[in-house]
Amino acid sequence: MSYYDKVYEVTLTIPPGRVSTYGAIADYLALGSARMVGYALNKCHRFEEPIPAHRVVNRNGELTGRNMFASPTRMQELLESENIEVKNNRVVDFKTLFWHPQDM
DNA sequence: CCAATGACGACTT
DNA sequence: GAAGTCGCCATTG
């Protein structure tokens with residue numbers, strides 16, 4: 001068990017078609033900080049379970065972590081696959097699609 | 001145990 | 001208001 005597990009748990013709670021932020025997850029866990037969340041998702045490969053990390057973006061709605069995916073375009077593809085429009089590495093209408101773990 | 005790192009965020013020029 | 005600086009804090013080497 002580690003801080004990662006909590007991050008993965010919350011990340012898996014994000015409903016399809018919605019996105020969340022590192023800060024929101026960190027705030028929900030009331031532990032660490034936004035960096036820890038991103039750092040945790042970077043090591044998500046340790047789980048064979050598909051972690052919807054593409055639904056987690058920074059507070060600007062930018063796909064900052066797209067570079068860490070198998071392909072830089074993989075993240076955008078997955079988001080568009082869920083009816084989430086992405087423009088210039090940024091989630092369109094991110095403010096509306098934003099979802100906070102507490103709002104489940 | 002000490003130092004470096006990092007998918008970020010808030011604050012300061 | 002855009003760009004730069006500093007703090008965050010668990011994990012890894």
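The sequence lines fix the lettering, A, B, ..., with proteins before strands; numbering per chain opens at 1.
Of the inter-residue distances, the one linking A:H54 atom NE2 with A:I14 atom CD1 reads 9.0 Å to the nearest 0.5 angstrom.
Between A:V57 and A:M75, the shortest heavy-atom contact is CG1-CE, 4.1 Å. Here the closest non-hydrogen pair linking A:Y22 and A:V37 is O-CG2, 3.6 Å. Counting all heavy atoms, side chain and backbone alike, A:R18 lies closest to A:T96 at NH2-O, 3.8 Å. When every heavy atom of A:V92 is checked against every heavy atom of A:K87, the shortest pair comes out as CG2-CB, 3.7 Å.
Going from atom CZ of A:F94 over to atom P of B:dC8 covers 13 Å, rounded to whole Å. Between A:I14 atom CD1 and B:dA7 atom C1' there is a gap of 13 Å when expressed in whole angstrom units. Rounding to whole angstrom units, CG of residue A:N42 and C1' of C:dT11 are separated by 11 Å. A straight line from CD1 of A:I25 to P of B:dG9 spans 10 Å, rounded to a whole angstrom. The separation between A:L79 atom CG and B:dA7 atom P is 18 Å, rounded to whole Å.
With A:S20 contributing its side chain and A:W99 its backbone, the two residues share a donor-acceptor pair below 3.5 Å. In this structure a side-chain-to-backbone donor-acceptor pair under 3.5 Å is present from A:Y8 to A:A40.
In this structure, A:N58 reaches the sugar-phosphate backbone alone: every heavy-atom distance under 4.0 Å involves primed, P, OP1 or OP2 atoms, never a base. Contacts of A:A53 with the nucleic acid, taken as non-hydrogen atoms under 4.0 Å apart, include base atoms.
Proximity of residues 59-77 of chain A to DNA chain C (heavy atom under 4.0 angstrom from any strand atom) is not detected for any residue.
Between A:H100 and A:F98, the two ring planes are perpendicular [angle over 60°; tilted spans 30° to 60°].
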- Base, backbone or nothing for each nucleotide of nucleotides 4-10 of chain C, written B, S, -, heavy atoms under 4.0 angstrom, 5' to 3'? ---BBBB
